[in-house]
Amino acid sequence: MPEARYAVFGHPIAHSLSPRIHAAFARQAGIALQYTAIDAPPEDFERILATFAADGGRGGNVTMPLKERAYALCSTLTARARSAGAVNTLTWRGEQWHGDNTDGAGLVRDLTGRQGLDLRGRRTLLLGAGGAARGVAAALLDAGILELAVVNRTPARADALVDALGQPDRAYSRYWDDLSNQGDFELIVNATSAARGTGAGTFNAPMTLVNSRTVAVDINYGEAAIPFLAWARAARCLHVVDGLGMLVEQAAEAFELWHGRRPDTLPVYEELRAQQVRLVTAD
């Protein structure tokens, strides 16, 4: 039986752990699977994706900076992809691409399941408003957070994300330069990409954002997460979480969508966590 073809698309993409994660899931399920990483500069993404489909590609994951472009290329979208305005999971069906977004489900599953956190009633700050932030914002609201303040260095993008969420009583945008006047939060989620790929640099934000219950979450992992997590520890956040668990859980959501089988994420997560020192950046 020929191997089904799947891939992860991004730019850059050589760092991606997705091929390793999906290979582990496929071994669990006894599925013959070819899953590769394909570098796709934004201006060439549509052509590369069309070639992949013509060559037998049946599904793909999408990482930075292509999630919003993937959204625009889909003929149909799930409700959560439509809400996010971004797609991280593609399925080729009926000669068309169908888009989903598993980022939010992956984040919430990691935080509430693996980390054992109760998200309900938490005043939440979301840093960033790109495809990654769009993928998790609605899921956080659905998980029962009290309110969501979205801050982005380009205010118009934060405004657009808040408008798309359609919950003005719970979600609102604020200016990055005005963070010191926003009070404190029980959950701070970093969905910015400033440190991605280099591992260098610092993260600066007022420590007044933190209270005695604050959980700080970076959706990046490895070196890309170091600046924000260092700030969170210096600010004495109660819990500090990186994005490795989210990465594995969102991949499991995609795997189940494609193959109809839910993989066991624990052994895959534990293997990757044990080798954390070798991790470079995030999907």
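FYI, side chains are in, hydrogens and waters are out, and symmetry mates aren't considered; it's all heavy atoms of this structure.
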Return each pair, listed once, that meets ring pair (Phe, Tyr, Trp, His ring centres under 6.0 Å) where at least one residue sits in [range]; pairs must be two or more places apart or across chains.
range            : answer
residues 114-148 : none
residues 65-123  : Trp92-Trp97
residues 134-192 : none

Looking at [X] and [Y], does any basic side-chain N land under 4.0 Å from a carboxylate oxygen?
X      : Y      : value
Glu256 : Arg109 : no
Asp110 : Arg114 : yes
Arg80  : Asp142 : no

So, using side chain to side chain donor-acceptor pair (under 3.5 Å) as the criterion, who are the partners of [X] when residues are at least two apart?
X      : value
Arg69  : none
Ser83  : none
Asn152 : none
Glu46  : none

Which pairs count as salt bridge (charged side-chain N to carboxylate O under 4.0 Å, His left out) when at least one residue sits in residues 147-156, sequence neighbours excluded? Arg123-Glu147
Taking salt bridge (charged side-chain N to carboxylate O under 4.0 Å, His left out) as the definition, give me every residue that meets it alongside Asp118, ordered by chain and number, with sequence neighbours left out. Arg120
With side-chain hydrogen bond (donor to acceptor under 3.5 Å, both in side chains) as the test, pick out the partner of Asp100 among Thr89, Thr78, Thr91, Thr76. Thr78
Applying ring pair (Phe, Tyr, Trp, His ring centres under 6.0 Å) to His259 and not counting sequence neighbours gives Tyr6, Phe255
Mind jotting down which residue pairs meet the side-chain hydrogen bond (donor to acceptor under 3.5 Å, both in side chains) criterion with at least one end in residues 227-237? Sequence neighbours excluded, please. none
Would you say Leu238 and Asn211 make side-chain contact, with heavy atoms under 4.5 Å? no
Could you go through residues 161-169 and list every donor-acceptor pair under 3.5 Å that involves a side-chain atom there, pairing it with any protein atom two or more places apart or in another chain?
| from | atom 1 | to | atom 2 | distance (Å) |
| --- | --- | --- | --- | --- |
| Gln167 | OE1 | Arg170 | NH1 | 3.0 |

